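These notes concern the structure reproduced below.
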Amino acid sequence: MDFQISYITPEQSGECAPSPVALDPLCSTLLIPLAARAFGDARFPQVAVHDVYAAPALQRMGADVSHFLKDLPSVYGVLSRTQVFRQLASDFFQRHPGATGVNLGCGLACYFQWLDQGDNHWIDADKPQVMRLRDRLLPADGERQRSADIDLTAPHWWHDLQLPSGAQAEPVLVILEGVLMYLQPGQVESLLREFGDHAPPGSELLCDTFSWMAVGCAALHASVCHTHAEFNWGLKRMSDLTAPHPRRRIKSEHPIMEGYDIATSVIFTSFRAFWGVPLYAIMRLTVDEESRPSVRLN
Ligand SMILES: C[S@@+](CC[C@H](N)C(=O)[O-])C[C@H]1O[C@@H](n2cnc3c(N)ncnc32)[C@H](O)[C@@H]1O
């Protein structure tokens, strides 16, 4: 089932409004974080993100997002995770001022508004239907910025995005925010393998992960249930992110929901301690130097 977005009419907006488009269930999930970044700051000032593009984009779209805004834990979670992604990305560019960052499955997020540090480069990439929506609703790419159509379930996205590769190349920052849980396990492994195979040493991949317990349970999620998308992948063990590849390492793990309230903090902390994986968190992966075949000494 497609998720219909009805735009405000040109008469209402006083300008030439785009014609209505249909987003498939997976793409329509972009409205959840967009609504939170547009309207969540006032409700949760402690994690406010001050996104200057989200509210105008939603206004132009005329989509009804009131049901998403009633799901307060998700609104908090989006703002909290945005703050963490932003901080980790900013730290990365402090260390690598001329490097490239890429937001895979970017939806209508605009991280470069916070991350433009003068010399770095930025790519926003998503499925074509989402990128056309960006063309209509968001400002054109600025200097050192570009957009790309991508299908993350297809191979060679590293090459298709013309990202640097090789031991001497500048490290790359990859963000996957609110994306991996919707992909099939094999697709997640291929996507992570591409990072492990091609990313120059020192590159980082930032992603949020659900636990395996969320798989198949999107209908129980107060926001995602409205989109008809499904959760298909979740962490069973931490090594799911690293083990099949010789170069990938987990550098750090960052909580998202623990500041929401005391009960949530207890639940999330206990879950992590008992099951050995977080219920929901941000993972920071990196890649080692090129792995070399082991030498047999006789
Ligand atoms: C929950 S939204 C998150 C959007 C954005 N990262 C954010 O946090 O605002 C999930 C996004 O993943 C994108 N996505 C899902 N599967 C994809 C695929 N195979 N290739 C490219 N993008 C994909 C969707 O189009 C959608 O924009």
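Whatever order the structure lists ligands and atoms in, that order sets their numbers, starting from 1. For clarity, every value in this text was computed on a predicted model and none was experimentally measured. Side-chain atoms are counted along with the backbone in the values below, which use heavy atoms only and exclude waters and symmetry mates.
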Checking contacts here: is it the side chain or the backbone of [X] that comes within 4.0 Å of ligand 1, counting heavy atoms only? Could be both or neither.
X	answer
Q187	neither
D151	both
R81	side chain
P33	side chain
C106	backbone

Looking only at distances, please establish whether an N/O atom of ligand 1 is found under 3.5 Å from an N/O atom of [X].
X	result
N103	no
A109	no
Y182	no
E177	yes

Atoms in ligand 1 flagged as close to [X], the criterion being non-hydrogen separation under 4.0 Å:
X	result
T153	19 (N)
G107	4 (C), 5 (C), 27 (O)
T29	1 (C), 2 (S), 10 (C)
V130	25 (O)
V179	12 (O)

Donor + acceptor pair across side chains of [X], [Y] (<3.5 Å):
X	Y	value
S252	R284	yes
D124	S147	no
Y280	R81	yes
D24	Q129	yes

- Task: Using the six-membered ring wherever Trp is involved, compare the ring planes of F112 and W122 and label them parallel, tilted or perpendicular (cut-offs 30° and 60°).
- Result: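 F112 vs W122 ring planes: parallel.
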
Consider only side-chain heavy atoms of I, L, V, M, F, W and Y, link residues closer than 4.5 Å, and tell whether [X] and [Y] are in one cluster.
X	Y	result
V266	V277	no
L235	W212	yes
L138	V49	yes

Could you identify the single nearest non-hydrogen protein atom to [atom] and state the distance to 0.1 Å?
atom	result
atom 17 (C) of ligand 1	K127 CE, 3.6 Å
atom 22 (N) of ligand 1	D126 OD1, 3.3 Å
atom 20 (N) of ligand 1	L152 N, 2.9 Å

- Query: Does ligand 1 have any atom that is closer than 4.0 Å to a heavy atom of I32?
  - Reply: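 Judged by the 4.0 Å heavy-atom criterion, I32 does not count as contacting ligand 1.
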
- For atom 9 (O) of ligand 1, the option (of Q129, M131, R37) bearing the nearest heavy atom: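 The option holding the nearest heavy atom is R37.
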
- Query: Who's closest to atom 10 (C) of ligand 1 heavy-atom-wise, of A229, S28, G178?
  - Reply: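 When every heavy atom of A229, S28, G178 is considered, G178 comes closest to atom 10 (C) of ligand 1.
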
